[in-house]
Amino acid sequence: QMLLVFVGFLGAAYALQTLGGLRGEETAGRLEVMLAPGRSRSAWLAAHIAVVLTGTVVVVLAGSAAFAVSSAAVLGDPALVGRILGAGAWQAVSAVSVAALSIGLFGMIPRLQALAWVVFAVAVVVTFMGPSLRLTADQMRLSPFGAVGTAPTGPVDVTGVVVLLAVSTALVTVGLLGFRRRDVPKT
């Protein structure tokens, strides 16, 4: 299970690093030029969001597939492939939720977008060090990577998945609406 959580971390880090580039385009003054030919802000940001979220899911599922195939081959149990891939899909939800936070911050308060890295770092510490820090199961579930449950070794927390998906949808929506309304620095 911890290897799948690590794959979720990789997906979230990919998303945060890529989304940080949006702020870089803005602060470097290139965003104004990209929007000048009549392209709407919403279309520009939605295209980036689609690419980043798709990439995040691909990173998590590709890592999960590598783990699933190698585990099945080593243990001689082909049934592991489906179980491990399914568990990886739940970690993709966690990674997407971290990306959604970055999108929401970029749209509403771009100078604070880097705070998504702080939330990610805390989630990593809680997930890896929670038992050593004697955190309760409820405290561990505050991390997006703990909110989805402990598949494939334990149950999926359906409530946690639904909450993460709802919060992610809200954050992306807030990011899109906020970006449409806020000022873009001019060069």
Side-chain angles (χ1 to χ4, degrees), residues 4-65 88-127 141-148 158-187:
L4 290 173
V5 172
F6 186 72
V7 170
F9 293 159
L10 290 176
Y14 156 80
L16 292 178
Q17 185 66 29
T18 306
L19 289 166
L22 300 179
R23 179 72 175 142
E25 292 293 324
E26 184 175 17
T27 57
R30 293 185 294 267
L31 179 56
E32 179 188 13
V33 174
M34 286 186 249
L35 295 174
R39 188 172 192 188
S40 78
R41 290 177 180 213
S42 297
W44 179 84
L45 184 56
H48 284 282
I49 290 169
V51 169
V52 170
L53 295 183
T54 300
T56 300
V57 171
V58 167
V59 166
V60 175
L61 292 182
S64 299
W90 302 121
Q91 288 302 321
V93 173
S94 301
V96 164
S97 71
V98 174
L101 174 61
S102 181
I103 293 163
L105 288 170
F106 174 74
M108 293 300 292
I109 314 167
R111 68 184 177 280
L112 298 181
Q113 184 185 20
L115 285 179
W117 278 105
V118 174
V119 171
F120 172 68
V122 169
V124 169
V125 168
V126 165
T127 303
R141 279 193 291 276
L142 292 175
S143 161
F145 302 97
V148 296
V158 176
T159 302
V161 170
V162 170
V163 167
L164 283 180
L165 288 173
V167 169
S168 297
T169 301
L171 286 168
V172 169
T173 302
V174 163
L176 282 165
L177 292 174
F179 183 66
R180 200 171 77 193
R181 291 186 170 102
R182 72 173 173 82
D183 288 335
V184 173
K186 298 184 190 307
T187 55

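Quantities reported herein were computed from a predicted structural model and do not represent experimental measurements.
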Closest non-hydrogen contact found for Gln113 with Leu105 is CA-CB, 3.7 Å
Tell me whether Ser102 contacts the main-chain N or O of Ala116 through its side chain, where contact means a donor paired with an acceptor under 3.5 Å.
no
Using a cut-off of 6.0 Å, state whether more than 12 heavy atoms not belonging to Phe6 lie near its atom CZ.
no
Arg30 side chain vs Glu25 backbone, donor-acceptor pair below 3.5 Å
no
side-chain contact (heavy atoms from CB on, under 4.5 Å) test vs Trp117 passes for just one of Leu101, Val98, Val122, Leu16, namely Leu16
Set of residues satisfying side chain to side chain donor-acceptor pair (under 3.5 Å) with respect to Gln17, sequence neighbours excluded
none
When rounded to the nearest 0.5 angstrom, what is the spacing between CZ in Phe179 and CH2 in Trp44?
5.0 Å
Heavy atoms of Ala99 and Leu19 approach each other most closely as O-CD1, 3.5 Å
On the ring face of Phe106, is Arg182 found with NZ or CZ under 6.0 Å from the centre and within 45° of the axis?
yes
Nearest non-hydrogen partners of Met108 and Val174, listed with the distance
CG-CG1, 3.3 Å
Rounded at 0.5 Å granularity, tell me how far CG in Leu115 sits from CD1 in Ile109.
9.0 Å
Rounding to 0.5 Å, atoms CZ (Phe145) and CG (Leu164) come to a distance of 9.5 Å
For a quick check under 3.5 Å, do Ser97 and Ser168 share a side-chain donor-acceptor pair by atom type?
no
Considering all heavy atoms of both residues, which atom of Gly11 and which atom of Val60 are nearest to each other, and what is their separation?
CA-CG2, 3.8 Å
At their closest point, which heavy atom of Leu45 faces which heavy atom of Gly175, and how far apart are they?
CD2-O, 3.9 Å
Ignoring hydrogens, what is the shortest heavy-atom contact between Ala100 and Val172? Give both atom names and the distance.
CB-CG2, 3.9 Å
Between atom OG1 of Thr56 and atom CG of Leu61, what is the distance when rounded to the nearest 0.5 Å?
10.5 Å
